[in-house]
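Note on naming: letters A, B, ... go to the chains in the order of the sequence lines (proteins, then strands), and numbering restarts at 1 for each one. Computed from heavy atoms alone, side chains included, the values below leave out hydrogens, waters and symmetry copies. For clarity, every value in this text was computed on a predicted model and none was experimentally measured.
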Protein chains: 2
Amino acid sequence: MENAKVFIAFCDENRLMILEMLQSGEKCACKILEEMNIAQSTLSHHMTILVDSGIVSARKDGKWTRYSLSEEGIKYAKDLLNQLTTIKPEGDCKCKY
Amino acid sequence: MENAKVFIAFCDENRLMILEMLQSGEKCACKILEEMNIAQSTLSHHMTILVDSGIVSARKDGKWTRYSLSEEGIKYAKDLLNQLTTIKPEGDCKCKY
DNA sequence: GCTTCATATCTAATTTTGTCAATATTATTT
DNA sequence: AAATAATATTGACAAAATTAGATATGAAGC
């Protein structure tokens, strides 16, 4: 769902590898492709998912597309993870267990 | 990937719903099932995934299985998310961009 | 021991996701 | 304006995930 969309970024080995590469700064697709053993169209597909998830942002620069981690997207993911895993104080639960 | 396993918990609408229910405390499968429009076998499948991911822990109690959020698993997910999204200082990247 | 209740497992159908090859697009270079 | 380079899109297919029905297990109650 909408909420789940952010975390999809982290649910694939190749995408984790891409994210790791982006930790050291902005990179163009061709540079990322060089270090991965996947087809160019496959990389493009993963980049679309990463950008859609909000974790990565893309910037067109001539014929290149440069990708980087999005601080905003990261904050969103962290906040959402916090929200989803907050254990609420007992008392407002009406169930009998 | 091993790393990706934790976040799989958050990548499905039904699992998010289950996690939300567990925020207010431990619940048995039958209680969760009541509030969801899915088959019993489907719920059991999702609970297995949640437990495998480490985010949820299960406790056998007579004929019931009681599920709750795992503080340890949550901490692991948060730490991992932090690690995966840490933007490293420039300088140790040898690429020309 | 038989029945019932809660949950798990197995099997099969359907949907979604990841992948690559081929083609298209868009920007640069000659 | 033709050729090249970087990336995106499309189409096809295989692998994985989600789902439900049927069946199995295991504990509780009679």
Side-chain angles (χ1 to χ4, degrees), chain A residues 1-22 25-68 70 95-97, chain B residues 1-22 25-68 70 95-97:
Chain A
M1 247 315 82
E2 270 314 297
N3 278 343
K5 216 173 170 186
V6 202
F7 296 108
I8 289 176
F10 305 98
C11 287
D12 177 271
E13 196 185 348
N14 283 320
R15 290 198 288 273
L16 285 182
M17 209 175 302
I18 294 166
L19 289 175
E20 197 186 334
M21 284 184 225
L22 294 180
E26 188 181 62
K27 301 225 170 14
C28 68
C30 57
K31 192 76 189 170
I32 298 171
L33 186 59
E34 269 179 21
E35 312 197 25
M36 300 189 62
N37 218 15
I38 56 174
Q40 180 267 322
S41 57
T42 304
L43 177 64
S44 187
H45 172 242
H46 283 305
M47 296 320 294
T48 302
I49 291 175
L50 286 170
V51 169
D52 281 356
S53 81
I55 288 290
V56 167
S57 50
R59 178 170 74 85
K60 260 288 181 194
D61 175 16
K63 57 181 168 176
W64 294 279
T65 309
R66 305 199 185 273
Y67 295 98
S68 55
S70 159
C95 79
K96 52 176 177 283
Y97 298 105
Chain B
M1 181 95 242
E2 270 313 296
N3 278 343
K5 215 171 170 187
V6 202
F7 294 107
I8 289 176
F10 305 97
C11 287
D12 176 271
E13 194 186 349
N14 283 320
R15 289 197 290 270
L16 285 183
M17 210 175 303
I18 295 166
L19 290 175
E20 197 187 335
M21 283 185 226
L22 295 181
E26 187 181 63
K27 299 223 173 14
C28 68
C30 58
K31 192 76 191 169
I32 298 171
L33 186 59
E34 269 179 21
E35 312 198 23
M36 301 188 63
N37 218 15
I38 58 176
Q40 181 268 322
S41 58
T42 303
L43 177 64
S44 186
H45 171 244
H46 283 305
M47 296 320 293
T48 301
I49 291 176
L50 287 170
V51 170
D52 281 354
S53 82
I55 288 291
V56 167
S57 49
R59 179 171 74 87
K60 261 288 179 195
D61 176 16
K63 55 181 170 177
W64 295 279
T65 309
R66 305 201 185 271
Y67 296 98
S68 55
S70 157
C95 78
K96 51 177 181 282
Y97 300 104

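Annotation: side-chain hydrogen bond (donor to acceptor under 3.5 Å, both in side chains) contacts involving residues 36-47 of chain B, sequence neighbours excluded, comprise Arg15(B)-His46(B). Pairs of residues two or more places apart, or lying in two chains, that qualify as salt bridge (charged side-chain N to carboxylate O under 4.0 Å, His left out) and include a residue from residues 37-61 of chain A are Glu26(A)-Arg59(A), Asp61(A)-Arg66(A).
With a heavy-atom cut-off of 4.0 Å to chain A, the contacted part of DNA chain C has its first and last nucleotide at dG18(C) to dT28(C). Contacts between chain B and DNA chain D, taken as any atom within less than 4.0 angstrom of a protein heavy atom, begin and end at dT18(D) to dA28(D).
Not counting sequence neighbours, the partners of Met21(B) by the side chain to side chain contact (heavy atoms under 4.5 Å, CB included) test are Met17(B), Ile32(B), Glu35(B), Met36(B).
Of all heavy-atom pairs spanning Leu43(A) and Ala29(A), the tightest one is CD2-O, 3.4 Å. Of all heavy-atom pairs spanning Ala9(A) and Ser53(A), the tightest one is CB-OG, 3.5 Å.
In this structure, SG in Cys28(B) is found 8.0 Å from CD in Glu34(B), a value given to the nearest 0.5 Å. The line from SG of Cys11(B) to NZ of Lys5(A) is 12.5 Å long, rounded to the nearest 0.5 Å. One finds the CG atom of Leu22(A) at 9.0 Å from the OG atom of Ser57(A) (value rounded to the nearest 0.5 Å). Atom CG in Asn14(B) sits 10.5 Å away from atom CD1 in Ile49(B) (nearest 0.5 Å).
Nucleic acid contact for Thr65(A): sugar-phosphate only, since backbone atoms but no base atoms lie under 4.0 Å from a heavy atom of the residue. Among the heavy atoms of the strands lying under 4.0 Å from Ile38(A) are primed sugar atoms or P, OP1, OP2 only; no base atom is included.
Residues Val56(A) and Leu19(A) form a side-chain contact, since some pair of their non-hydrogen atoms from C-beta on lies under 4.5 Å apart. The closest side-chain heavy-atom distance from Val51(A) to Tyr67(A) is below 4.5 Å.
Residues Gly62(A) and Gln40(A) both approach DNA chain C. Their nearest nucleotides, taken by heavy-atom distance, put Gln40(A) toward the 5′ side. Nearest-nucleotide mapping onto DNA chain C: of Ala39(A) and Lys63(A), the residue sitting toward the 5' end is Ala39(A).
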Point to revise | From CA spacing to verdict: side chain to side chain contact (heavy atoms under 4.5 Å, CB included), Phe10(A), Ile55(A) | key: CA-CA 10 Å; Phe10(A) 305 98; Ile55(A) 288 290; 3.7 Å; yes
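Annotation: the terminal axes of the helix from dG1(C)-dC30(D) to dT30(C)-dA1(D) meet at 20°, where each axis is the rotation carrying the C1' atoms of four end pairs onto the next four (5 pairs per end, rounded to 10°).
A heavy-atom distance below 4.0 Å to DNA chain C is reached by these residues of residues 43-61 of chain A, ordered by number: His45(A), His46(A), Ile49(A).
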